[in-house]
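Predicted model only: the values in this text are computed from it and were never measured. Lettering follows sequence order; numbering is per chain, from 1.
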Amino acid sequence: MNIFHHFEDIVRGALGSLQTDGTLSADTDFARVTVEPPRDTSHGDISTNAAMVLAKPAGMKPRDLADKISTALEATGNFSAVSVAGPGFINMTLQPAFWQTRVADILGAGPAYGASEIGKGEKVNVEYVSANPTGPMHVGHTRGAVFGDALANLLEKAGFDVGREYYINDAGGQIGVLAESAFLRYREALGEDIGDIPEGLYPGDYLKPVGKALADAHGDKLLNMEADAREEIVRLAAVDAMMDLIREDLALLGIEHDVFFSERALHQSGKVETALQRLDGMGLIYEGVLDPPKGKKLDDWEATPQTLFRSTNFGDDFDRALKKSNGSWTYFAPDIAYHLDKYQRGYTHLIDVWGADHGGYIKRMNSAVQAITNGGAALDVKICQLVRLMRDGEPIKMSKRSGNFVTLREVVEEVGRDAVRFMMLYRKNDAPLDFDFAKVTEQSKDNAVFYVQYAHARIHSVLRNAKNDEGLKGVDLSDAALVGADLTCLVDEAELGLIKQMLQFPRVIEAAAEAHEPHRVAFYLFELASLFHSLWNKGKDQPDLRFILAEQRDVTLARLALIRATGYVIASGLGVLGVEPLEEMR
RNA sequence: GGUCCCGUAGCUCAACUGGAUAGAGCACCUGCCUUCUAAGCAGGGGGUUGCAGGUUCGAGUCCUGCCGGGAUCACCA
């Protein structure tokens with residue numbers, strides 16, 4: 001479906017013929033040859049850098065080689081014009097009929113348009129959100145959640161077999177604090193006056209129902225129970241309740257994971273030991289003492305021997321601790337086991353989506369994955385930079401300590417799922433993002449969500465009008481009928497421009513999937529919407545360019561086919577972003 | 001101090017992984033509403049891509065060194 005692959009083949013074929021006649025040697029490497037649409041449309045439809053890349057190995061001047069390649073390309077009969085330009089670019093131009101008939105392809109594919117096979121069904125694991133189950137999600141989690149979800153959609157669209165996963169940190173010290181906090185609420189539910197929640201515990205009201213449920217289920221039996229057994233019960237109840245809260249929050253964004261992977265279960269299954277033994281067997285674990293961190297004073301620093309992983313063998317800055325000074329595992333150890341587990345479940349591509357504050361963790365995780373899978377799995381950690389919430393141009397202050405943070409729910413309820421999702425994706429993941437409440441609900445071109453959805457709504461508005469048009473009474477306007485329209489009626493530059501932009505979509509999907517960058521889809525959609533709005537308005541100045549011309553049925557059908565196809569592309573792209581393509585906005 | 005990310009128009013950001021004359025939106029000017037949604041469109045001004053070197057046919061993009069901003073820095077997750 002990506003037409004550029006087709007022309008890549010044609011260019012390779014032409015280069016092959018130059019190998020046959022001896023212009024290029026038989027072992028010429030074509031890896032650096034690209035076949036792309038030129039940035040500037042006045043340079044034609046398709047462009048290749050072949051002559052510039054191959055000039056040196058061929059011992060020729062780029063322009064001379066370009067002439068030869070150009071001749072070979074002309075001989076294929078695929079192009080209406082082939083020319084050499086600039087330092088040696090070869091620009092190819094196609095007959096309008098080629099573009100026009102592609103509209104039928106898009107209509108045929110419908111909302112599935114843009115799907116690609118480059119993933120070859122390979123298994124990709126996307127781990128995202130993975131927020132600690134200690135409370136509802138706040139706005140800080142939102143970006144990573146949306147990003148991971150869209151990336152998973154994108155990879156699916158590109159032909160990968162995607163697993164969406166959430167790692168539950170239900171084994172650490174924070175969970176102990178959570179259990180303690182929940183136990184307090186339990187005592188409260190039994191009628192005890194617990195006063196203020198002590199510093200360091202979770203003060204949120206969301207733990208009250210947990211206490212209530214524990215009281216309902218156990219009466220006062222927990223009060224006199226042995227501490228370990230009690231904590232076990234409270235802990236499980238609290239984590240379950242928190243995960244329910246988190247799942248509800250995620251549902252507000254339309255996010256659903258395939259697997260919720262428990263760190264606790266990992267410990268209990270003995271997989272942490274197994275994984276570490278595996279590293280030990282490779283000679284990558286030793287007992288040693290780390291140097292104190294430089295340039296930063298630590299009062300309680302002690303030079304204690306620790307169990308360390310030789311991450312420096314894999315490019316890390318220093319070796320990393322696997323056990324704490326009290327002998328228990330660090331966070332790192334089970335994480336290694338977890339990533340090994342993913343690999344053993346068949347995932348050769350691993351993607352982790354983290355917040356910016358975990359950036360310092362990337363090298364060691366990469367090292368660990370490289371080591372423990374013996375290079376069998378590739379890990380790509382995507383960092384999402386911070387989101388700055390703005391209201392009326394002023395940043396909203398949040399402090400964790402006071403519990404004064406904006407929750408995910410509050411944001412979604414105020415501006416809507418679509419706006420949240422789109423805006424979180426309308427920025428590169430590693431760039432900070434300002435999220436302005438006023439801006440994301442504004443109905444103007446300054447708000448990309450609106451602008452794209454508006455284009456889609458306008459398309460459906462025209463389709464509705466066509467259906468109700470007296471002059472088109474009884475005319476079949478179904479997709480099946482539109483596919484058969486005389487598409488050669490689409491001759492205006494703006495119409496052809498729109499078609500060409502639509503044909504970029506499969507390329508955008510593939511490039512975005514390979515780069516793990518869903519934001520490219522969002523930017524693409526903005527451009528596509530812009531071309532559509534432009535065409536729409538052209539019909540104001542030139543009535544003969546309007547979509548519905550009752551007295552010219554052929555033209556009307558062709559144009560309805562064009563905008564129906566445009567609607568599909570927008571819907572397809574928005575589908576990747578997880579944003580609804582609205583059919584009406586009034 | 002170490003590591004990672006960022007630095008592009010007055011502001012907010014893109015730039016198809018090294019391509020041709022660096023593009024959008026906002027803001028600022030000039031036009032366009034008896035007609036498919038003006039919630040829009042057309043046009044204009046605005047740039048030493050932080051600085052200095054290097055790699056090559058070609059650099060915003062890759063390498064080195066500075067400058068400025070952010071994140072992080074045994075054992076927390």
J.: Output yes if the stacking criterion (under 5.5 Å between centres, under 30° between planes) is met for A/His43 over the base of B/A20, else no.
T.: yes
J.: If pairs are Watson-Crick or G-U with both distances under 3.5 Å, what is the dot-bracket string of RNA chain B, marking crossing pairs with [ ] and pairs to another strand with |?
T.: (((((((..((((.....[...)))).(((((.......))))).....(((((..]....))))))))))))....
J.: Taking only N and O in the side chain of A/Lys445, is any of them less than 4.0 Å away from OP1 or OP2 of B/G25?
T.: yes
J.: Before we go on, tell me: are the rings of A/His456 and A/Phe532 under 6.0 Å apart, centre to centre?
T.: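 For A/His456 and A/Phe532, the ring centres are not under 6.0 Å apart.
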J.: As a test of understanding, state which of A/Tyr361, A/Phe147, A/Tyr167 forms a ring-ring contact (aromatic ring centres under 6.0 Å, His included) with A/Trp354.
T.: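 When A/Tyr361, A/Phe147, A/Tyr167 are each tested with A/Trp354, the ring-ring contact (aromatic ring centres under 6.0 Å, His included) holds only for A/Tyr361.
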J.: Output a table of donor-acceptor pairs, distance under 3.5 Å, between side-chain atoms of residues 552-561 of chain A and any protein atom two or more places apart or on a different chain; print 'none' if there are none.
T.:
from     : atom 1 : to       : atom 2 : distance (Å)
A/Arg553 : NH2    : A/Gly471 : O      : 2.9
A/Thr556 : OG1    : A/Leu549 : N      : 3.0
A/Thr556 : OG1    : A/Leu549 : O      : 2.8
A/Thr556 : OG1    : A/Gln552 : O      : 2.9
A/Arg559 : NE     : A/Glu495 : OE2    : 2.8
A/Arg559 : NH1    : A/Asp544 : O      : 2.8
A/Arg559 : NH1    : A/Arg546 : O      : 2.7
A/Arg559 : NH2    : A/Asp544 : O      : 3.3

J.: What is the nucleic acid contact for A/Ala55, judged by heavy atoms within less than 4.0 Å: base, sugar-phosphate only, or nothing?
T.: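 Here A/Ala55 touches no strand at all.
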J.: Can A/Tyr454 be called stacked on B/G40 when the rule is centres closer than 5.5 Å and an angle between planes below 30°?
T.: no
J.: Please evaluate the base of B/C16 for a donor-acceptor partner in the side chain of A/Arg507 within a cut-off of under 3.5 Å?
T.: yes
J.: Can the positive tip of A/Arg310 be found less than 6.0 Å from the middle of the six-membered ring of A/Tyr286, inside 45° of the ring normal?
T.: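 Output yes; distance and angle both within limits.
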J.: Do A/Phe261 and A/Tyr166 have ring centres separated by under 6.0 Å?
T.: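 Ring centroids of A/Phe261 and A/Tyr166 are no less than 6.0 Å from each other.
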J.: A/Lys363 versus A/Phe318: any side-chain heavy-atom pair under 4.5 Å?
T.: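 With C-beta onward as the side chain, the pair stays apart.
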J.: Taking atom P in both B/U61 and B/A20, what distance in whole Å separates the two?
T.: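 Here B/U61 and B/A20 have their P atoms 13 Å from each other.
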J.: Which of residues 309-324 of chain A have a heavy atom under 4.0 Å from RNA chain B?
T.: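 Of all residues in residues 309-324 of chain A, the ones placing a heavy atom under 4.0 Å from RNA chain B are A/Asp317, A/Lys324.
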J.: For A/Gly172, answer base if it contacts any base atom (sugar-phosphate contacts may also be present), sugar-phosphate if it contacts only those atoms, and nothing otherwise; contact means non-hydrogen atoms under 4.0 Å.
T.: sugar-phosphate
J.: Is the distance from OP1 or OP2 of B/U37 to the nearest side-chain N or O of A/Ser461 less than 4.0 Å?
T.: yes
J.: Looking only at N and O atoms, is any donor in the side chain of A/Ser47 or the base of B/A20 less than 3.5 Å from an acceptor on the other one?
T.: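 Checked by distance alone, the answer is yes.
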J.: May I ask you to say what A/Leu290 touches in the nucleic acid, namely base, sugar-phosphate or nothing, with a heavy-atom cut-off under 4.0 Å?
T.: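 Touches sugar-phosphate only.
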